[in-house]
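Quick notes on the structure that follows.
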Amino acid sequence: PGFSLIPLNSSWTDCLGHCPVSRRAFPGGLDEMKACAAKAHAAGLRIGMHTLTACINPNDPWITPLCREDLVADATYTLAAPLAEDASEMLVNERPVDKHSTVFTYSSNGNVMRIGNELVQYTGIRRDKAPYAFTGLRRGAFRTKKGGVYPAGTRADYLHQRYIAFYPKPDSKLADELSDRLAEVYNTCNLDE
């Protein structure tokens, strides 16, 4: 038996989210990807694309320079004190949940907070007594625009992360936009899966 399916791994795109077609894989962009799929079909093969569905890379325009608010958060906190632009720690009223990680890797839970449209990374957590803190801050993470000084009481969301990606809230406008983009590539190329 031979092969019947050509799966395009995630290297068909340069960045998950808006999913621009990789010019390294397809120098002619979406038109060339479509032509490649047509050749596979003409040869009697099926062709599909791997998407890591719902993943949005931190470098995608939905994240930077202004992070969207309709992303999945695993926890929400309120600032216990104002957060200055040069702050090294972020004080919060609520005890940090155990799910937090202090690194941003492919399979970690991540270390990213969203405050307004800005992303903030941390490298440490203080849970021993209130006010609790996230330490080793880096404001404006992933080239997001710094939001100035945030007053006490400001909401800070711990973003869900896996596969170096964030995720749209189900039934959000962002989820619809992401689905539309994947459908555009799938339908334009007449893919099978």
Side-chain angles (χ1 to χ4, degrees), residues 3-76 99 104-121 140-147 155-193:
F3 293 101
S4 63
L5 170 71
I6 297 175
L8 299 175
N9 68 16
S10 58
S11 64
W12 68 267
T13 179
D14 285 328
C15 182
L16 296 171
H18 279 84
C19 295
V21 173
S22 171
R23 296 292 177 152
R24 288 183 312 281
F26 299 98
L30 185 58
D31 289 340
E32 186 171 334
M33 188 173 167
K34 178 181 178 181
C36 178
K39 286 181 181 181
H41 285 139
L45 298 168
R46 295 178 312 135
I47 188 166
M49 67 180 189
H50 178 59
T51 62
L52 284 175
T53 303
C55 290
I56 303 173
N57 185 280
N59 296 312
D60 188 83
W62 282 320
I63 305 299
T64 187
L66 297 174
C67 185
R68 294 281 293 260
E69 293 185 16
D70 41 0
L71 296 172
V72 173
D74 288 333
T76 297
K99 187 172 187 172
F104 192 82
T105 63
Y106 189 79
S107 59
S108 76
N109 290 328
N111 62 343
V112 179
M113 306 289 279
R114 183 192 58 230
I115 305 175
N117 297 115
E118 177 186 353
L119 296 182
V120 178
Q121 285 186 287
F142 304 106
R143 299 183 331 272
T144 55
K145 184 177 178 183
K146 291 182 182 181
R155 176 182 171 150
D157 290 323
Y158 173 50
L159 293 182
H160 182 81
Q161 190 280 140
R162 187 69 71 215
Y163 311 131
I164 308 293
F166 304 114
Y167 298 84
K169 289 180 180 177
D171 301 320
S172 68
K173 181 179 177 190
L174 180 55
D176 290 343
E177 291 173 28
L178 178 57
S179 297
D180 288 347
R181 176 56 184 152
L182 292 173
E184 177 187 4
V185 174
Y186 181 88
N187 292 332
T188 297
C189 296
N190 193 28
L191 298 178
D192 300 295
E193 63 178 46

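Counted by atom type alone, N109 and R162 present one or more donor-acceptor pairs between their side chains at under 3.5 Å. Looking at D60 and H18, their side chains do bring a donor and an acceptor atom within 3.5 Å of each other.
Of the possible polar contacts, one joining the T13 side chain to the P20 backbone as a donor-acceptor pair under 3.5 Å is found. At distances below 3.5 Å, at least one donor-acceptor pair connects side-chain atoms of Q161 with backbone N or O atoms of S108. Not one N or O on the side chain of T188 forms a donor-acceptor pair closer than 3.5 Å with the backbone of V185. The main-chain N or O of A141 is never found under 3.5 Å from a side-chain atom of Q121 such that the two would form a donor-acceptor pair. Listed for the D74 side chain is no donor-acceptor partner under 3.5 Å among the backbone atoms of L159.
Here the shortest heavy-atom pairing between H41 and C189 reads CE1-O, 4.3 Å. Nearest approach of Y158 to V112, heavy atoms of both residues: CD1-O, 3.5 Å. What you find for P170 and V72 is that their closest heavy atoms are CD-CG2, 4.2 Å. When all heavy atoms of A54 and P168 are compared, the pair lying nearest together is O-CD, 3.1 Å. In this structure, F3 and L45 approach most closely via the heavy-atom pair O-CD2, 3.4 Å. Nearest heavy-atom pair across F104 and P58 is CZ-CG, 3.8 Å.
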Practice item. Evaluate salt bridge (charged side-chain N to carboxylate O under 4.0 Å, His left out) for K169 paired with D70, printing each intermediate quantity in order. Key: CA-CA 6 Å; K169 289 180 180 177; D70 41 0; over 6 Å; no
Check your understanding: How far apart are the C-alpha atoms of T144 and N117, what are their side-chain angles, what is the distance that settles it, and do they pass the side-chain contact (heavy atoms from CB on, under 4.5 Å) test?
Key -> CA-CA 7 Å; T144 55; N117 297 115; over 6 Å; no
Exercise for review: Apply side-chain contact (heavy atoms from CB on, under 4.5 Å) to the pair I56 and R68, showing each step before the final yes or no.
Suggested key: CA-CA 11 Å; I56 303 173; R68 294 281 293 260; over 6 Å; no
Atom pairs and distances, side-chain donor-acceptor, residues 24-40, under 3.5 Å, sequence neighbours left out:
| from | atom 1 | to | atom 2 | distance (Å) |
| --- | --- | --- | --- | --- |
| R24 | NH1 | D14 | OD1 | 3.2 |
| R24 | NH2 | D14 | OD1 | 3.3 |
| E32 | OE1 | G28 | N | 2.7 |

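Y186 has its side chain out of reach of T51: every pair of non-hydrogen atoms, C-beta onward, lies at least 4.5 Å apart.
Taking the six-membered ring where the residue is Trp, Y106 and Y163 present tilted rings, their angle falling between 30° and 60°.
One distance of note links CE of M49 with CG of N9; it measures 12.5 Å at 0.5 Å rounding. Considering SG of C67 and NZ of K145, their distance stands at 14.5 Å, rounded to 0.5 Å. Distance check: I164 CD1 to C55 SG gives 10.5 Å after rounding to the nearest 0.5 Å. Atom-to-atom distance recorded for R114:CZ and D157:CG is 4.5 Å, nearest 0.5 angstrom. Of the inter-residue distances, the one linking F166 atom CZ with I63 atom CD1 reads 6.0 Å to the nearest 0.5 angstrom. In this structure, L182 CG and C19 SG are separated by 5.0 Å, a value rounded to the nearest 0.5 Å.
With salt bridges taken as basic N to acidic carboxylate O contacts below 4.0 Å, none links R155 and E69.
Atom CG of N187 is surrounded by more than 12 heavy atoms from other residues, nucleotides or ligands within 6.0 Å.
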